[in-house]
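Only heavy atoms go into these numbers, but all of them, side chains included; no hydrogens, no water, no symmetry mates.
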Amino acid sequence: MIPTRIPDFDSELVKLRQIAPSGFVLAFGISMRGPEFVHNEYESEWLQRYEQGSYYAVDPVFVWAISKTGSRRWSEIRLPDVRGVLREASSFGMSYGVVLACRSGSKRSFFSAARPDREFTDAEIAQLDAKFSTWVPLVMERARLTAGELEVLRGLRDGRGQREISAMLSISESTVKQRALSACKKLDAKTRAQAVAIAAVRNYFE
């Protein structure tokens, strides 16, 4: 699920479905652990087959997305399709596609979309690229915690209460509270415990 930091995301999805009637996937913050945020609207049967066949390892589109930056129509990707992933995708109405990819620090993000009837036009690719290039920093950059926010989360992780964290960091309890609230907002966490868990999964404490 994409975090709510993309403005009017529901209405944006409607626009994307019009441009890419065969579905699309948005993946942000990809690392060795996988993506941090994903929104996938490809057909469920295809997704099941893709996962069961471990197609990601041989899918030319995915391989391109995690190794390159910029945009490419699927038909322009000059990588071997040894297991015929794209040919099989066409049987699910994904005959034509486009992929956009970028790097954010050590992590990558990509957007891949498909349609059944024709290639994506230059204008459509430019429109998708404008959206994607706007969304990546909104999703990735705002998730970065300040040193102070991380200190508070580290204290919570270690089982310390607000007063104890206040004394340990020589800051007021209200500052501890504010930093915790700010961290929760950036991480889309509903509770402090959830914020600590998310930060731990993303290796923010290392």
Side-chain angles (χ1 to χ4, degrees), residues 1-31 33-48 50-51 56 59 61-62 64-66 68-74 89 92-94 96-116 120-146 149 153 180-199 201-202 204:
M1 184 72 177
I2 300 296
T4 55
R5 54 180 71 104
I6 294 179
D8 301 317
F9 189 54
D10 288 339
S11 62
E12 291 291 350
L13 289 177
V14 173
K15 298 174 185 176
L16 293 180
R17 290 168 190 145
Q18 294 172 345
I19 300 174
S22 294
F24 54 88
V25 58
L26 282 158
F28 297 90
I30 301 168
S31 66
R33 295 172 178 267
E36 291 185 13
F37 309 112
V38 177
H39 182 90
N40 200 323
E41 295 209 0
Y42 286 134
E43 187 176 329
S44 58
E45 185 179 347
W46 168 248
L47 294 177
Q48 184 177 11
Y50 193 95
E51 182 176 346
Y56 60 88
D59 177 3
V61 175
F62 181 75
W64 189 93
I66 62 172
K68 308 292 184 181
T69 59
S71 63
R72 285 288 187 282
R73 293 179 178 88
W74 292 359
F92 287 84
M94 296 180 288
Y96 303 92
V98 64
V99 59
L100 302 95
C102 70
R103 179 187 291 274
S104 303
S106 62
K107 299 182 179 181
R108 304 188 68 87
S109 299
F110 76 87
F111 174 30
S112 187
R115 55 182 307 127
F120 285 84
T121 66
D122 290 345
E124 288 169 335
I125 294 174
Q127 182 179 354
L128 295 175
D129 185 56
K131 293 179 183 294
F132 181 63
S133 61
T134 300
W135 293 344
V136 169
L138 287 175
V139 174
M140 298 304 298
E141 299 298 329
R142 287 180 57 187
R144 293 181 179 175
L145 302 174
T146 66
E149 291 162 354
L153 288 185
L181 288 172
S182 179
C184 286
K185 184 177 180 179
K186 289 181 178 181
L187 298 173
D188 285 330
K190 295 181 179 179
T191 65
R192 294 180 176 187
Q194 186 181 17
V196 170
I198 293 171
V201 167
R202 297 183 190 173
Y204 286 174

Taken in chain and number order and not counting sequence neighbours, the residues that satisfy side chain to side chain contact (heavy atoms under 4.5 Å, CB included) with A183 are L145, E149, L153
Partner set under side chain to side chain contact (heavy atoms under 4.5 Å, CB included) for S31, not counting sequence neighbours
R33, K107
Enter the distance from F92:CZ to E45:CD here, rounded to the nearest 0.5 Å.
4.5 Å
Sorted by chain and residue number, the side chain to side chain contact (heavy atoms under 4.5 Å, CB included) partners of T69 (sequence neighbours excluded) come out as R108
Qualifying residues under ring pair (Phe, Tyr, Trp, His ring centres under 6.0 Å), relative to Y50, sequence neighbours excluded:
W46, Y55
Taking the side chain as every heavy atom from C-beta outward, state whether E124 and V98 have any pair of such atoms under 4.5 Å apart.
no
Minimum heavy-atom separation for L16 and F111, please, with both atom names.
CD2-CZ, 3.9 Å
Any heavy-atom pair between the side chains of S109 and F37 that's under 4.5 Å?
no
Minimum heavy-atom separation for F120 to A113, with atom names?
CE1-O, 3.6 Å
Could you tell me which non-hydrogen atom of P116 sits nearest to which non-hydrogen atom of Y96, and how far apart they are?
O-CE1, 3.7 Å
Would you say the side-chain atoms of Q194 pair up with the backbone N or O of K190, donor to acceptor, closer than 3.5 Å?
yes
Distance col, row S104:OG vs F28:CZ, nearest 0.5 angstrom, shows 9.0 Å
T191 to C184 - nearest heavy-atom pair and separation
O-SG, 3.6 Å
Inter-residue atom distance L181.CG - K185.NZ, 0.5 Å rounding:
10.0 Å
If you look at every heavy atom in G93 and S22, which pair is closest and at what distance?
O-OG, 2.5 Å
Do you know which two heavy atoms are closest between Y56 and F62, and how far apart they sit?
O-CD2, 3.0 Å
Taking C-beta and beyond as the side chain, do F110 and P35 meet within less than 4.5 Å on heavy atoms?
no
How would you list, by chain and number, every residue that makes a side chain to side chain contact (heavy atoms under 4.5 Å, CB included) with D129, sequence neighbours excluded?
L100
Qualifying residues under side-chain hydrogen bond (donor to acceptor under 3.5 Å, both in side chains), relative to K131, sequence neighbours excluded:
E12
In this structure, CG of L26 is separated from CZ of F132 (nearest 0.5 Å) by 7.0 Å
What I'd like to find out is whether the side chain of R192 reaches to under 4.5 Å of the side chain of V196, using heavy atoms alone.
no
